[in-house]
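The sequence lines fix the lettering, A, B, ..., with proteins before strands; numbering per chain opens at 1.
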Amino acid sequence: MKKENNNVIEANFLTKRFGNVTALNQVTFSVSDGEIFGFLGPNGAGKTTTIRMLTGLLAPDSGDAFIDGVNIKRNPIKAKMKMGVIPEMGNIYADLTAQQNIILAGKFYGVPIRELRKRANSLLEQFGLHDRKNDLVRTFSKGMKQRVNIASAIAHNPEILFLDEPTSGLDVQSQRLIRNIINQMNQKGTTIFLTTHNIEEANQLCARVAIINKGKIVIIDRPESLRRTFETTQSVEVAFDKPIDDGLIGKSNLVNRIERRGDKWKLYTDNPDRLLKYLVKFAEGKDLIIISMEICRASLEDVFVKLTQVNPLKKELR
Amino acid sequence: MQLMGLVMLIKNLDIQFFRGVMVATEKNIRIYYTKAPVLIYGLLLPLFVFLAFYLGRGVNMYFFFPGLLAMSLFFTASSVGPMITPWEKQAGTYERLLSFPVSINTIILADIAAGMVFGIIINMIVLIVGLIFLDYDINILLLSFGILLASFCFSSLGVLLSSPSVRSPSHIMMFSSLIRFPLIFISGIFIPLENLKGIARGLSYLSPITYLVDIFNFGFKGESDISLIIDFIALFMFSVIFIYLSNRFHKRNLMKGL
């Protein structure tokens with residue numbers, strides 16, 4: 001099938017039901033060639049179900065998915081040949097070495113063995129695992145395993161890379177390394193489809209993000225545009241030298257919502273300037289010292305919370 | 001619907017399909033041959049069954065060896081298949097395997113191939129040892145075809161036994177023993193087929209091992225109690241049924257336990 005546009009991933013009205021539960025409801029979006037596309041959503045929103053459908057693991061009840069113009073339902077092998085997948089629950093083989101895992105993965109895609117050996121060595125070097133290449137993966141830490149996992153998924157130089165929560169539960173060093181690799185792959189032309197819980201990660205990496213909630217796409221836009229759209233969700237973050245009662249600080253009509261974040265308070269408002277002045281007076285009146293205070297623009301996290309309404313810390317005042 | 005499935009299967013039988021089978025088989029051989037359940041249920045168990053039957057009973061080894069060889073092939077070839085899928089689901093590698101350019105048929109055939117190779121290798125050792133100590137005038141061609149077809153059939157049964165959705169390989173190994181032992185006892189290994197009468201004789205036809213014992217009896221001693229043509233057709237039909245059911249059950253339970 002000849003493609004009529006620049007889209008390499010297309011989901012058209014994907015619907016999936018598990019018993020009485022509709023896991024995905026008419027999910028439709030597309031990802032352009034060379035794009036990093038983020039897929040955000042709370043637990044159970046349908047992120048993994050979507051990625052499993054796009055990678056041919058699950059068949060939709062209705063709707064279609066196309067990978068570089070190939071219908072994944074009708075021709076799964078041809079579509080899978082174009083992609084690399086890092087599943088959320090997908091581990092590598094603990095009884096094989098790091099090098100054996102990468103070579104095994106490449107063999108499935110028909111990469112010649114000589115080329116695979118070279119590629120495995122270069123990937124292990126790139127991922128900082130060359131000196132452990134002959135060690136069994138069962139002796140590796142979680143971060144090292146995930147690096148081998150990603151190296152195995154890109155052993156055949158895929159055109160499209162699907163990553164399901166790739167940095168979840170990893171140490172900061174491994175997270176940064178993996179984000180760098182994703183960026184490098186993208187610069188070389190690989191299209192990236194990334195699901196993540198980490199909103200800052202999506203903000204840093206993705207050209208566009210989709211937010212999914214309860215099986216439905218809520219919004220698709222660029223992170224910056226989303227922030228602008230929700231600019232009314234401004235806030236003032238303040239910390240005092242002594243603990244205070246949130247009832248006192250939240251009494252002002254200027255505060256729409258209040259959240260406690262560690263030793264700080266985040267006060268959502270339509271008028272940050274007036275709230276700032278109010279807080280100074282409030283601190284003077286209660287004999288409090290202001291340790292820090294700043295006006296915050298709407299973050300992608302605020303947008304996410306607003307659209308999915310899942311923040312457990314949220315305390316509505318009005 | 002079934003016809004459509006068959007057409008799709010034939011259409012997908014391309015080079016990528018065979019490559020997938022080869023690579024997945026290699027993976028199975030590297031990882032699963034040395035797993036404890038395979039060694040216990042595939043090698044030690046048949047050895048102990050044989051010793052329990054043989055020691056102190058004055059059994060004539062010349063007459064018993066074809067049955068012993070059939071039992072050895074059955075246990076070894078059917079011991080790898082039940083392990084692989086539950087092990088991969090427990091280890092979290094199954095979803096990764098499915099994400100490669102493979103289909104469920106690729107995975108099933110690779111698991112069958114791994115069981116076949118294991119069964120054939122171990123059986124060759126048992127056969128060579130038997131031929132050193134026992135004086136047979138063997139029909140090598142018949143035995144070779146018999147071993148090939150039966151190892152395929154038994155290994156297919158092993159893969160079928162792995163299809164229930166459990167995440168613990170030990171549960172499947174216990175379940176598979178519940179199926180495999182009765183098949184041994186009704187198969188004419190311990191009691192010669194000609195001595196089985198009535199219901200026992202009827203039951204023996206339900207075990208695929210019966211037909212291999214008959215092939216081996218002819219291949220080693222020139223005696224057959226059923227018919228070689230029926231033996232081969234029966235083993236082939238059992239294989240087709242096991243593969244068909246494996247395909248259905250594995251597809252149904254594909255995402256369970258991930």
Find the distance between [atom1] ([X]) and [atom2] ([Y]) and round it off to the nearest 0.5 Å.
X        : Y        : atom1 : atom2 : answer
A:Asn101 : B:Lys27  : CG    : NZ    : 11.0 Å
A:Ile77  : B:Arg19  : CD1   : CZ    : 10.5 Å
A:Leu58  : B:Leu254 : CG    : CG    : 8.0 Å
B:Glu26  : A:Ile103 : CD    : CD1   : 9.5 Å

Worksheet, complete the sentence: Turns out that what part of B:Lys35 lies under 4.5 Å from chain A's heavy atoms comes down to side chain

Discussion item. What residues of residues 106-119 of chain A make heavy-atom contacts with chain B at a cutoff under 4.5 angstrom?
Written reply: A:Lys107, A:Phe108, A:Tyr109, A:Gly110

Should we say atom [atom1] of [X] is surrounded by more than 12 heavy atoms from elsewhere, each under 6.0 Å from it?
X        : atom1 : value
A:Lys133 : NZ    : yes
A:Phe13  : CZ    : no
B:Phe145 : CZ    : no
B:Phe181 : CZ    : yes

Worksheet item: What part of A:Ala105 gets closer than 4.5 Å to chain B, counting heavy atoms only: side chain, backbone, both or neither?
Response: both

Discussion item. Can you tell me which portion of A:Leu104 sits under 4.5 Å from chain B's heavy atoms? Options are side chain, backbone, both or neither.
Written reply: both

Discussion item. Strictly distance-based, threshold 3.5 Å: is any side-chain N or O of A:Asp95 a donor or acceptor partner for the main-chain N or O of B:Ile31?
Written reply: no

Discussion item. Closer than 3.5 angstrom, by distance alone: can the side chain of B:Arg96 be matched with the main-chain N or O of A:Asn149 as a donor-acceptor pair?
Written reply: yes

